[in-house]
Every structure is written in C-alpha cells, then in structure tokens.
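Position 1 is the first residue of the sequence; numbering continues from there.
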Amino acid sequence: MAEYKLEMTTGDMQYAGTSDYIYVTLVGTEGQSERTLMDNYGFDFQTGATGSYTVKTSFSLGKLLLVKVEKNQYLCLPEDEWYFSKMVVTTPEGDVILYPCYRWIGRGEMVELRGGKAMKAFEDDHPLLIDHRKKELMLKKSLFQWKSMGEGLPHINSFNDVSEIPAEMRFSDSRTADFNYSKKKIGVELKIKGLLGSTAYWETIEDMKKIFWYKKTTMAEYVADHWMEDDFYGYQFLNGVNPGVIKRCSELPTNFPVTEEMVKPFLEVGSSLQKEMEKGNMFLYDQKKMDGIPPAAYNGEPLHVTAGLCLLNVNPENKLMPIAIQLNQQPSEKNPIFLPSDPETDWLLAKMFIKNADCMDHESVHHFMRTHFLAEVFSVAALRSFPVIHPMYKLLFPHFRHTLHINIRARLSVLGPDGALNNSSLGLDGVIELMRRDLSEMTYSSLCLPENIAARGLESIPNFYDRDDGLKLWNIIQSFVKAVVEHYYPSDCEVHRDTELQDWISEVFTHGFLGNKASGFPAAFHTVEEVVKFTTMYDYNSWAPNSTLRLHKPPPTTKGQSSMKTILETLPNVGDTVVLAGMLWLLSDRYSNYIPLGTYPEERFDEPEPKQMIKEFQAELSYLSEAITTRNSHLELPYTYLDPAEIENSVSI
C-alpha cells in the first residue's frame, strides 16, 4: 500500500470556500489512483484554510504527471464556486510537489493540474503531458481571441464585458465595492455642493479649491498653489505625469523662429541662445504629431487644439524654465511667439494651451495606448501562447492579472460616450487618430527607458527624479528578469527551440505593432539577451487649470487682449470640471487588494532557484524604496511615483 499526503489550500478572499464534494485523482507514469473524496471530520475547504488528506493506492504511481480535481454537488445546497489556491503532494518516495491552481472551480467542473518544475514545450517527454499541453493551448486560444479596435491601432481582446473573462482575472468583490463606494462618495459630495451638472463658469480660480472636501493631499494642494509659476511648469516636464516628451535642443526647428532678442532677458547674464544650446541647457517640447487633427465640437461650437512648441532653459539655479511658446506649428502674424515678459494672462493662456495638448497626449497615447493597450497585447499573447506550466507564464502572469478587466472597463468609461477622452478638445475621433499616428512612429527603443533617455539627451539634466528613480528601477527589474530567464534558457539554442516563446513574441509583433518592421520591434527571439530586454520592458492632473482635457476659447492670436476673465471662460464650466476631477481621483486612488511591485502572493514556482531570485528582487526593491524616501525627505515636493511601494504589480487602474 502506498500513501500520498495532500495539503489543499482554499483562497482567503470572500466566499472562496465551498460545501460541495471535492474529489482527487492522481495520475502517474505507472497508473492512476482511485477517484478519492477529500473528507475530514468537520467542515472542509473553508475560506483561507489548508486541509490535510490522504490518497491510498495499492502500488506506487511512479512519477506523478497530473492531478485531477473535481467539484460535485453536496445535498441540495445552492451553487458556491470554490477558489482553489494550491495543492502540495508528498509522495511515498518523499518527493514534495507543488500543484498551483489559483482559480475558481464551479460545480460539476474538473481541472487537471500540472506540478513540479516549470517546463518548456520541448522538455515534455511523456505523451500524456504533451497531449495535455496541446489541449490547454487550444482551449486558451479559443477563449482569448483578438479583435480590431480600429485601423492602425493595437488589437484588443474580444470580450465585450468583464463578466466574460475568467473570474480569477477579474477584480475581487472587495476591490469592486471599494471603487463603487469611492465613486458614489465623490458624486454625493459634488451634488451636495451643487457642482455636478452645473453649466456656470467659475468666478475665480480660488473657487476650484472647493471641489473636494476630503480629497486633499500634499501634492494636490501644492499644485493648486504653484500651477501659475514658471519653475513648477518646467518641473512638470521632468517629473509630472508626462515626463517622456521633451528633448534636448541643439538647433531650433525652422518653424519655430525664436530670436536671440526674444529670449536673452531670460538667459544667464552674459550667455546667449546659441551658447545655451551648445552647453546642452536648451530643451524642446514639440507636439507636431497633433498637427492637423480636427478638433471636436461642444454644444455645436468647435473646440480648439493647439499643436504647439515650447522652448525651455535650465537656468543657473538648475531650474527648467519655459522661455518661449508658439501655439501652432506654422509661424505667422496670428501665431505669435509668447514670452514670459508678455502680459501675465497672455503668458498663462499660452502655457495652458500647451498643457491642454500635453494632457490629451498623456491620457490617450502614453497612458492608454502605450500602457494599457500594449500591456493588453502582451497579456493576450501570453495567455494564448503559454501553458500555465511554462516558466514565462509563471513569471509574467502576476503582472497582467487584472489588465483585461481594467481595459474592458476603461474602453467604456473613458472612451465611451460620456468618457473623458471622448469629451476632450480632440474628441474620440481625434484621440484615435493621435494614437494611430503615435503607433505608426513608435520604436522599440522608445519603450526601453535607458535608450529613451539617451535618445532625448536627458542623461544629465538636473532634478530629473523620474529618470533617476526609473533607471534604478529598470536595472533592478532587468537583473531579476535576467536571472530568471537565464536559469530557464541557459543558451540561445534553448530560445530557438521554444516554439511557445516564439509564438508569444510573434503575436505581440503582429497584433501590437501591426508587423511594422521599421519600428525595430522583434518579430522573433534569437538570443537570451533579446528575451531579457523585451521582458524587462513592460497627482498632477487633480488641479484643473494646471492640466485639462478641454479648453473652450480659441488660443490667443495677439498679445495684450486677455484677462483673468478670459482664463476662466477658456476653462471648462463647473459641471464639466468636476466630472473630470472626479474621474482622475477615482483613477489615482488606492483600493483593497493592492499588490505592490515585486509581490508574488501566489506560489507558482516550485524550484528553489526562482524563489530565491524573487526574494533578492524584493530586497533590492525595498532598498530602492528606502533610498527614495530618504531623498524625498529633503525635497520641498517629494517625488514618490516610482517608489516601488507605490507601484502596483499589474496594470489595474
């Protein structure tokens, strides 16, 4: 008689337990066990509990291949799905094997689990495992399918509602409840104040500070107090929500005729425009990719989009200062170059129109397309290409667990009829065109931070905390990924042989980057180094005048004609402002089940080596977090956005 000891763990989330019968069958190279009921005295499979059970066989089953787990009805009790986390089997020979599950199992359902070491396709040598792998991938390809969101855009998953995706990839009930509570709380506060739905325009800038009572943070209050200041305006191009757009300027574009006389008063005494460019102190913001996109209309009146340029200079105090703004690409008498010496409201309006374009660029291109939509491409391709036993699936899954859920919801709430981007100055059609243009010009190197920083000439610009923290974080992630990948792929030959790995990168290239070879994105992996590089790659907006998605009045074409009344009339009305502010608060809040970067709450790796690599990864992230906290203690405005403790493990908001 042989005995197999089983430890079966039920998830700790709400309603994870079950009263149903649970049966287990062990399958090995020498045969299989009887279908055995897992039943101890008292209640089994309660939320968060681990139960110990025994499966007896008349002989050793040899090397275990699969574990079958079934859930059947108990008496006449109603259906209760069971969240089965994992099983640990101790064999008669003393082997201890992990069988991860981490999914909901319904009544009448049977799941087949593979355990032990992560395996690549060419390493499976038993017909049963080869067949199981093939069937799993066929099922996943039928479940996770592609569809087009529009010509020239990354492809998306085919689900129309979050209820269609597997339950374990949806937000937990508690996270959903938290989100809905915050949304309701924001709505109630805005209704009580009479702001929601108001068509009135703001009477003073100070009135906007009253939008929220309870949503006050150090950052939000700092932005509200300093948004008009030039040094804070320049600071945001380095450490704001869209720090990836400015470039070092060694030569002015021919369509931006800034002269020495215009900017000399704003440069270091004794210096010149040419000298500042030669010293690497001049930087350019150029929104040319937005040029020519028709604006949307609001209440029958056309809105305005400015594809502008902004010249910035690092002054002797190491502050990045805006010194010249042109609001459209082609210079003309009606498209003057605005300067800090112009009337205060003229200069402020010019800065606001640049920030309006930057806000739309950030939300549509850098936030939605480059973050959410590309993460979705990586996710769907991985779900279609890797079985759960594959090492890359085990490595990547925690980083895209909730991506499909948030993206499906975002396409309805942000790009839908009442969504923020649909109601921006560009409107939905304009936003789609902007994303389409960006994807057609996107390069692989632009998504790899060290190459991106170097290409934009920002290696030495001072007070660039996003770069400093980002490069340290990139190196920590790359070191971890390198260790894991090289453990499973000791040679380039192994990369070539892994057809599932090649399927993944091929699907990403085809469905994410639309087969554009000029982009430099790999269509296949040839070396371990390529796999490492690719795998490594994956609250300023709370103050409306500082960054808004829509402006109503046309941009100024002459100087000296504006006033603070013009500023207030250019901004969205009260009701539209608070809707945008409410959405941004919702998206920036932290909800239950928050999982910070580097946390692997699910035990998927069975081997000691990757477990140790994860511990070392977490330690390095902790050291970086401590260093950032120490640095921030000396800053007037702490930069926390790339603190590992503040970064969620998965794209999920």
*In this structure, are over 12 heavy atoms from other groups packed under 6.0 Å from Lys141 atom NZ?*
yes

*Is there side-chain contact between Asp466 and Leu238, with heavy atoms separated by less than 4.5 Å?*
no

*When rounded to the nearest 0.5 angstrom, what is the spacing between CZ in Arg411 and NE2 in His372?*
10.5 Å

*Going through the checks in order, is the side-chain hydrogen bond (donor to acceptor under 3.5 Å, both in side chains) test met by Thr50 and Thr9?*
CA-CA 4 Å; Thr50 297; Thr9 302; 2.9 Å; yes

_Strictly distance-based, threshold 3.5 Å: is any side-chain N or O of Thr630 a donor or acceptor partner for the main-chain N or O of Glu626?_
yes

*Would you say Glu529 has more than 12 foreign heavy atoms packed within less than 6.0 Å of its CD?*
no

*Taking atom CE of Met38 and atom OH of Tyr53, what is their separation to the nearest 0.5 Å?*
8.0 Å

*Nearest-0.5 Å distance that lies between atom CD in Glu136 and atom CG in Leu129*: 11.5 Å

*For the pair Trp82 and Thr10, evaluate side-chain hydrogen bond (donor to acceptor under 3.5 Å, both in side chains) and give the outcome as yes or no after the intermediate values.*
CA-CA 8 Å; Trp82 173 44; Thr10 297; 3.0 Å; yes

*Quick one: does Arg467's side chain have a donor or acceptor within less than 3.5 Å of a partner on Leu458's backbone?*
yes

_So that I can tick it off, tell me whether Arg631 and Asp468 are bridged by a salt bridge, with the cut-off set at under 4.0 angstrom between side-chain N and carboxylate O._
no

*Is a side-chain donor or acceptor of His402 paired with a backbone partner of Met169 at a separation under 3.5 angstrom?*
no

*asked:* Any side-chain to backbone donor/acceptor pair from Asp438 onto Leu434? Under 3.5 Å, distance only.
replied: no

*Arg170 and Ile165, any side-chain heavy atoms less than 4.5 Å apart*: yes

*Taking the side chain as every heavy atom from C-beta outward, state whether Pro100 and Lys394 have any pair of such atoms under 4.5 Å apart.*
yes

*Any pair counted as salt bridge (charged side-chain N to carboxylate O under 4.0 Å, His left out), so long as it reaches residues 86-97, sequence neighbours left out*: Lys86-Glu603

*Candidate pair Glu109 and Arg103, rule salt bridge (Lys or Arg N to Asp or Glu O under 4.0 Å), full reasoning*: CA-CA 12 Å; Glu109 188 176 358; Arg103 54 162 291 188; 2.2 Å; yes

_salt bridge (Lys or Arg N to Asp or Glu O under 4.0 Å) between Glu70 and Lys68, intermediate numbers included_ = CA-CA 7 Å; Glu70 300 175 66; Lys68 298 180 180 180; over 6 Å; no

*Can Lys611 and Glu609 be counted as an ion pair, charged N to O under 4.0 angstrom?*
no

*For the residue pair Leu621 and Leu473, establish whether any side-chain heavy-atom pair is separated by less than 4.5 Å.*
yes

*Counterpart residues, salt bridge (Lys or Arg N to Asp or Glu O under 4.0 Å), relative to Arg114 (two or more places apart)*: Asp124

*Take atom NZ of Lys147 as the centre, draw a 6.0 Å sphere, and report whether it contains more than 12 heavy atoms from other residues, nucleotides or ligands.*
yes

*Side chain proximity check, His511 to Val380, heavy atoms < 4.5 angstrom*: no

*Does Gln502 offer a backbone N or O that forms a donor-acceptor pair with the side chain of Ser506 under 3.5 Å?*
no

*Could you tell me whether Glu451 and Lys533 make a salt bridge, using a distance below 4.0 angstrom between a side-chain N and a carboxylate O?*
yes

*Is any side-chain heavy atom of Thr510 closer than 4.5 Å to a side-chain heavy atom of Trp146?*
no

*asked:* Can you tell me how far apart CZ (Phe45) and CD1 (Ile105) are? Round to the nearest 0.5 Å.
replied: 10.0 Å

*Which residue pairs satisfy the ring pair (Phe, Tyr, Trp, His ring centres under 6.0 Å) criterion with at least one member in residues 597-629, sequence neighbours excluded?*
His399-Tyr600, Phe480-Phe617

*If the plane angle is over 60° it's perpendicular, under 30° parallel, otherwise tilted; pick one for Phe400 and Phe397.*
perpendicular

*Start with the C-alpha gap between His367 and Glu363, add the side-chain angles, then the distance that decides, and say whether side-chain hydrogen bond (donor to acceptor under 3.5 Å, both in side chains) holds.*
CA-CA 5 Å; His367 180 193; Glu363 283 297 333; 3.0 Å; yes

Enumerate, atom names and distances included, each donor-acceptor pair closer than 3.5 Å involving a side-chain atom of residues 442-449, sequence neighbours excluded.
{"unit_1": "Thr443", "atom_1": "OG1", "unit_2": "Ser445", "atom_2": "OG", "d": "3.3"}
{"unit_1": "Thr443", "atom_1": "OG1", "unit_2": "Ser446", "atom_2": "N", "d": "3.3"}
{"unit_1": "Tyr444", "atom_1": "OH", "unit_2": "Phe534", "atom_2": "N", "d": "3.4"}
{"unit_1": "Ser446", "atom_1": "OG", "unit_2": "Thr443", "atom_2": "O", "d": "2.6"}

*Lys289, NZ: over 12 other non-hydrogen atoms inside 6.0 angstrom*: yes

*In terms of side-chain geometry, is the basic nitrogen of Glu500 or Arg133 positioned less than 4.0 Å from the acidic oxygen of its partner?*
yes

*Does NZ or CZ of Arg384 fall inside the cone over Phe144's six-membered ring, less than 6.0 Å from its centre and within 45° of the axis?*
no

Let me have the donor-acceptor pairs involving side chains of residues 512-521, under 3.5 Å, with sequence neighbours excluded, atom names and distances please.
{"unit_1": "Asn516", "atom_1": "OD1", "unit_2": "Ala518", "atom_2": "N", "d": "3.1"}
{"unit_1": "Ser519", "atom_1": "OG", "unit_2": "Asn516", "atom_2": "O", "d": "2.6"}
{"unit_1": "Ser519", "atom_1": "OG", "unit_2": "Phe521", "atom_2": "N", "d": "3.2"}

*Going through the distances and angles, do Asp469 and Tyr639 end up as a side-chain hydrogen bond (donor to acceptor under 3.5 Å, both in side chains)?*
CA-CA 9 Å; Asp469 297 350; Tyr639 186 76; over 6 Å; no

*If you round to the nearest 0.5 Å, how far is CG of Leu98 from CG of Asp606?*
4.5 Å

*Got Phe373 and Met149 here, is their nearest side-chain heavy-atom distance under 4.5 Å?*
yes

_Heavy-atom side-chain proximity of Tyr393 to Leu383 below 4.5 angstrom_ = yes

*Only one of Glu376, Glu164, Gln145 clears side-chain hydrogen bond (donor to acceptor under 3.5 Å, both in side chains) with Asn157; which?*
Glu376

_Sidechain-backbone polar pair: Arg248 side chain, Gly457 backbone, donor-acceptor under 3.5 Å_ = yes

*Scan residues 477-495 for pairs that pass salt bridge (charged side-chain N to carboxylate O under 4.0 Å, His left out), counting only residues two or more places apart or in two chains.*
Lys120-Glu494, Lys482-Glu486

*Say you draw a straight line from CG of Leu396 to CH2 of Trp504; how long is it, rounded to the nearest 0.5 Å?*
5.0 Å

*Does the Glu507 side chain pair with the main chain of Ser385, one donor and one acceptor, at a distance under 3.5 Å?*
no

*Any sub-3.5 Å donor-acceptor pair from Thr535's side-chain atoms to Val532's backbone N or O?*
no

